[in-house]
Amino acid sequence: IEVGNIRRNSLKEIWNNRDPGPITAFLRKRVEELMLSQFGKNPPLPVIMLLDSARERLTAAARVQAELVSEGWEIFAKPEKGFEISDLNGMRITGAIDRIDRNRSTGAFRIIDYKTSDGATKPEAAHFCKASDSTTTISRFEVGGKECEWMDIQLPVYRMLLDASRDFKDAGEIQLAYFCLPKAVGETGVYMWEDFSDQLLKAAGKCAGAIIAAVRSFKFWPPAEGD
C-alpha cells in the first residue's frame, strides 16, 4: 500500500521519527501534491494563501508529533478506523475514530480527534458547560455536585466504541484528547481531557441513550440554536 510514492513501512518510519524534519517534509509535500491535483500549476491567489497557512499548521503539527514520539507514543490504529456498538438502547452505533495512540512504556491508549479552528479548544470545554434554566432533561447531568449540560458527546461515544471492541477488551488506561491545529500555530498541540471519569462516561452514555429514545419516538425538539 502506498501513500503518494511512500510505502507503508516508510510512512511508519516517518511518523515514528523524533526529528520533526522528515515529518514536516512529508506533510508539506502531500499538501502541495493535493493542491496541484485540484488546482493545477497556477492556482488562484486565495488558494496560494491557504497553502501557505496549511504549511505553517503542518510544520507545527510535525513538531508536536515528534514530541509525542519522544514521549513514547506511537500510532496504534490506522486513521479513521471504524468501530461499532451492536446495541445502544436498541440501536446499532458505528463510528470512525481519527487516531488511536499507544504508549510503548506505559501501555496506555489515547483516543485522538483532530480539530482545526481559529484557536485551540480543550475537550472538556467543547463537551459540557454549566447548566442553565433552558437546559433540556436529555442533556442535563450532575458531576461533582454541579448541574451541567452536554454540548457534545463525541469523545465519550468514541470511548464507548472502544470499550465495545474486542481488540480493546483488556485495555488498561484509555485517555481522550484533541490534536488541535489552529490558525494560531503557537497553540498547536495535544490537549488532554485531564479529569475525564467513569462518572462522565456513564452520564454521556445516558445522554446518548436518551437521544436514541427521542429519535425513535420522532421527537426532534427543541431545535439547535440558529435553526
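Below, each value reflects all heavy atoms present in this structure, side chains not excepted, and no hydrogens, waters or symmetry copies. Worth saying up front: this structure is predicted, and the values here are computed from it rather than measured.
Membership of an apolar cluster is not assigned to Leu50, as no side-chain contact below 4.5 Å to another ILVMFWY residue is traced.
Looking at every heavy atom in both residues, Thr121 comes nearest to Ala126 through CG2-CB, 3.8 Å. The two atoms that bring Ala177 and Val190 nearest to each other are CB-CG1, 3.7 Å, heavy atoms only. Here the closest heavy-atom approach between residue Leu200 and residue Trp150 is recorded as O-CZ2, 3.5 Å. In terms of heavy atoms, Ser139 sits closest to Cys207 at CA-SG, 4.4 Å. Looking at every heavy atom in both residues, Ser117 comes nearest to Arg57 through O-NH2, 4.0 Å. Residues Ile23 and Ala66 approach most closely at CD1-N, 4.1 Å, considering heavy atoms.
Every side chain to side chain contact (heavy atoms under 4.5 Å, CB included) that Met91 has, sequence neighbours left out, goes to Ile93, Ile212, Arg216. For Trp193, the ring-ring contact (aromatic ring centres under 6.0 Å, His included) partners are His127, Phe196, not counting sequence neighbours. Every residue was checked against the side chain to side chain donor-acceptor pair (under 3.5 Å) condition with Thr188, not counting sequence neighbours, and none meets it. With sequence neighbours left out, Glu56 forms a salt bridge (Lys or Arg N to Asp or Glu O under 4.0 Å) with no residue at all. Applying the salt bridge (Lys or Arg N to Asp or Glu O under 4.0 Å) rule to Glu84 yields the partners Arg92; only residues at least two apart in sequence or on another chain are considered. Residues meeting the side chain to side chain donor-acceptor pair (under 3.5 Å) test with Glu71, sequence neighbours left out: none. Every residue was checked against the side chain to side chain donor-acceptor pair (under 3.5 Å) condition with Thr24, not counting sequence neighbours, and none meets it.
Pairs of residues two or more places apart, or lying in two chains, that qualify as salt bridge (Lys or Arg N to Asp or Glu O under 4.0 Å) and include a residue from residues 116-141 are Asp118-Lys183, Arg140-Glu147. The list of salt bridge (Lys or Arg N to Asp or Glu O under 4.0 Å) pairs with a residue in residues 192-215, not counting sequence neighbours, is empty. Residue pairs meeting the side-chain hydrogen bond (donor to acceptor under 3.5 Å, both in side chains) criterion with at least one partner in residues 34-47, sequence neighbours excluded, do not occur; the list is empty.
Note: Leu176 CG to Arg110 CZ = 10.5 Å, rounded to the nearest 0.5 Å. Atoms CZ and CG, from Phe26 and Asn17 in turn, are 12.5 Å apart once rounded to the nearest 0.5 Å.
Between Glu32 and Lys29, none of the side-chain N atoms (NZ, or NE/NH1/NH2) sits under 4.0 Å from a carboxylate O, so this pair counts as no salt bridge.
By the 6.0 Å contact criterion, CE on Met49 is open, its count of non-hydrogen atoms from other residues, nucleotides or ligands being 12 or less.
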Distance-only donor-acceptor hits, side chain of residues 164-173, under 3.5 Å, sequence neighbours excluded:
| residue | atom | partner | partner atom | Å |
| --- | --- | --- | --- | --- |
| Ser165 | OG | Asp167 | N | 3.2 |
| Glu173 | OE2 | Gln175 | NE2 | 3.0 |

